[in-house]
*Asks:* 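This is the structure I have questions about; it appears just below.
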Amino acid sequence: MIKHRQIHRRGRRSHMTVSYTDPQVSMDLLRAVLQPSFNDDIMAVFKKYQKFFEKAAENVKENVGDEVHTDQLIRETCRNILEHAKQLFPEVEVKRGGAEVAIKRPRPGDEDCSQRGSPLPKKRKARPGATLVSCDRPQTFSSQVKLKSDPIKKEGPKWDPSRLNDSSTFVLGSRANKALGMGGTRGRIYIKHADLFKYAADAKDKQWLAEKHHMRATGGKMAYLLIEEDIQDLFRSEEYKDCPDVKMDELKPFSVPPWMVEKMQRAMEAQRDTDL
């Protein structure tokens, strides 16, 4: 068991006990303990399929030429597998309830507020009759978190694979994130609008996107494609239409070849029918 730290402060005033709890710290400590075992198990899985990687890499080398480095090709493939495995654990929205520092106060006239992670709470005199206010970090438009109690719905016309065709246009998730004023928080759009369809580009897709200059070559990094129509609908919504941070000229939409559209249709159908 991991015990959280408690600090007892003495001074002119009565005793105060400050309790610090950070679930992420506890879970990361557990992760650090288990990481070596996980690494061993993961390597055992990759060794199980190593012959397939080697055979495929040698086949690529025969077709392309000696300039292909098979070891590097295999490493990049393994990294892509790990990146795509993250889809097994999708991100969910969490609303932090108030300040993370709970303080017992003997005198109701004093308000003790602390910044996140600060060991010493700040003291501020409260006005008579004032209510206790949580002194968490102030939120801006780009950092607001909405608590969604309802499950994410993946149904209706937006989740009909037949809506995707050769004339459909798409945008990079990173550009949509920036266009809607959330550029300061990478990937924020996927959390805030988890009901959007997003397509995780594989190695072949990313190669085509890079060749067409829609994105830079990213190696093992994930690249998501969103439907432009969905982003335009968000732009016209009440939440964004008057937001000064919105810059829709950042979208730079594009079309994709039919073979990629077919992959997107299959991905949409799979995401719609899964509980993840």
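What you are looking at is a predicted structure, and each value in this text was computed from that prediction instead of being measured. We count residues from 1, following the sequence as given.
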*Asks:* Please find out if less than 6.0 Å separates the ring center of His84 from that of Phe89.
*Replies:*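 Between Phe89 and His84, which both carry aromatic rings, the centre distance is not below 6.0 Å.
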
*Asks:* Val33, Leu29: one ILVMFWY side-chain cluster at the under-4.5 Å cut-off?
*Replies:*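 No, separate clusters.
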
*Asks:* Are any non-hydrogen side-chain atoms of Leu34 and Arg31 less than 4.5 angstrom apart?
*Replies:* no

*Asks:* Where do Tyr240 and Leu234 come nearest, in terms of heavy atoms and distance?
*Replies:* CD1-O, 3.3 Å

*Asks:* NZ/Lys252 to CG/Leu172 distance, rounded to the nearest 0.5 angstrom?
*Replies:* 10.5 Å

*Asks:* Compute whether any side-chain donor of one residue and acceptor of the other, for Gln35 and Asn39, lie under 3.5 angstrom apart.
*Replies:* yes

*Asks:* Would you say Asp205's side chain and Asp202's backbone share a donor-acceptor pair under 3.5 angstrom?
*Replies:*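 Judged by distance alone, yes, a pair lies under 3.5 Å.
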
*Asks:* Determine yes or no for a side-chain-to-main-chain donor-acceptor pair under 3.5 angstrom, with Asp230 supplying the side chain and Leu196 the backbone.
*Replies:* no

*Asks:* Tell me the closest heavy-atom pair linking Arg163 and Pro157, and the distance in Å.
*Replies:* CD-O, 3.4 Å

*Asks:* Let me confirm one number: the CD-CG distance from Glu76 to Asp71, rounded to the nearest 0.5 Å.
*Replies:* 11.5 Å

*Asks:* If we only count heavy atoms from C-beta on, is the Ser168 to Glu229 side-chain gap below 4.5 Å?
*Replies:*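 They are not in contact (no side-chain heavy atoms under 4.5 Å apart), so the answer is no.
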
*Asks:* Taking the six-membered ring of Tyr190 as reference, does the NZ or CZ atom of Lys198 fall below 6.0 Å from its centre and within a 45° cone about the axis?
*Replies:* yes

*Asks:* Answer with yes or no whether the hydrophobic clustering places Met27 together with Phe38; edges join I, L, V, M, F, W, Y residues whose side-chain heavy atoms lie under 4.5 Å apart.
*Replies:*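 Linked within one cluster.
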
*Asks:* Side-chain contact, heavy-atom cut-off 4.5 Å: Asp245 with Leu180?
*Replies:* no

*Asks:* Less than 4.5 Å apart, side chain to side chain, heavy atoms only: is that true for Glu54 and Ile74?
*Replies:* yes

*Asks:* Please report the closest heavy-atom contact between Arg272 and Asp160, naming both atoms and the distance.
*Replies:* NH1-CA, 4.5 Å

*Asks:* For a 4.5 angstrom cut-off between non-hydrogen side-chain atoms, does Lys178 reach Leu251?
*Replies:* no

*Asks:* Tell me, please, which residues at least two apart from Phe254 pass ring pair (Phe, Tyr, Trp, His ring centres under 6.0 Å).
*Replies:* His214

*Asks:* For the backbone of Lys55 and the side chain of Asn59, can you confirm whether one donor and one acceptor N or O come within less than 3.5 Å of each other?
*Replies:*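 No, the answer is negative, given that no donor and acceptor are paired below the 3.5 Å cut-off.
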
*Asks:* Look up atom SG in Cys78 and atom CE in Met43, then write down how far apart they are to the nearest 0.5 Å.
*Replies:*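 Taking SG in Cys78 and CE in Met43, the distance rounds to 7.5 Å.
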
*Asks:* Measure the CE-CZ distance between Met248 and Arg175 for me, rounded to the nearest 0.5 Å.
*Replies:* 12.5 Å

*Asks:* Taking Met222 as the starting point, is it possible to reach Met182 by hopping between hydrophobic residues whose side chains are less than 4.5 Å apart?
*Replies:*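 Shared cluster, yes.
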
*Asks:* Measure the CG-CD1 distance between Leu226 and Ile231 for me, rounded to the nearest 0.5 Å.
*Replies:*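 Nearest 0.5 Å value for the CG-CD1 distance: 4.5 Å.
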
*Asks:* Answer yes or no: is there an ion pair linking Asp195 with Lys158, defined by an N-O contact shorter than 4.0 Å?
*Replies:* no

*Asks:* Tell me whether Lys212 at atom NZ has more than 12 heavy atoms from other residues, nucleotides or ligands lying less than 6.0 Å away.
*Replies:*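 Result for NZ/Lys212: open.
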
*Asks:* Assign the ring pair Trp159 / Phe197 to parallel, tilted or perpendicular, where the plane angle (0 to 90°) is split at 30° and 60°.
*Replies:*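 Perpendicular.
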
*Asks:* Same hydrophobic cluster for Leu88 and Leu82, using side-chain heavy-atom links shorter than 4.5 Å among ILVMFWY?
*Replies:* no

*Asks:* Taking 4.0 angstrom as the limit, do Lys192 and Glu239 come out as a salt bridge?
*Replies:*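 Between Glu239 and Lys192 there is a salt bridge, with a charged N closer than 4.0 Å to a carboxylate O.
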
*Asks:* Return the minimal non-hydrogen interatomic distance between Ser162 and Asn165, and the atom names on each side.
*Replies:* O-ND2, 4.4 Å

*Asks:* Is Met264 close to Met260 at the side-chain level, that is, under 4.5 Å between some pair of heavy atoms?
*Replies:* yes

*Asks:* Could you verify whether a donor N or O on one side chain and an acceptor N or O on the other, from Gln265 and Glu269, lie under 3.5 Å apart?
*Replies:*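 Side-chain D/A pair, Gln265 to Glu269: absent.
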
*Asks:* May I have the step-by-step check of side chain to side chain contact (heavy atoms under 4.5 Å, CB included) for Val261 and Tyr199, ending in yes or no?
*Replies:* CA-CA 10 Å; Val261 173; Tyr199 172 71; over 6 Å; no

*Asks:* Give a yes or no on this: more than 12 heavy atoms of other residues, nucleotides or ligands lie within 6.0 Å of atom CZ of Phe46.
*Replies:*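 Count over threshold, so yes.
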
*Asks:* Which heavy-atom pair separates Ser255 from Trp208 by the least distance, and what is that distance?
*Replies:* O-CH2, 3.3 Å

*Asks:* Do the non-hydrogen side-chain atoms of Arg216 and Lys206 ever get within less than 4.5 Å of each other?
*Replies:*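 Not touching, per the 4.5 Å side-chain cut-off.
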
*Asks:* Say you draw a straight line from CD of Gln207 to CG of Leu209; how long is it, rounded to the nearest 0.5 Å?
*Replies:*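 Those atoms lie 10.0 Å apart.
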
*Asks:* Compare every heavy atom of Lys154 with every heavy atom of Gln271, then report the nearest pair and how far apart it is.
*Replies:* O-CD, 3.5 Å

*Asks:* For Phe235, give me all partners under ring pair (Phe, Tyr, Trp, His ring centres under 6.0 Å), at least two apart in sequence or on another chain.
*Replies:* none

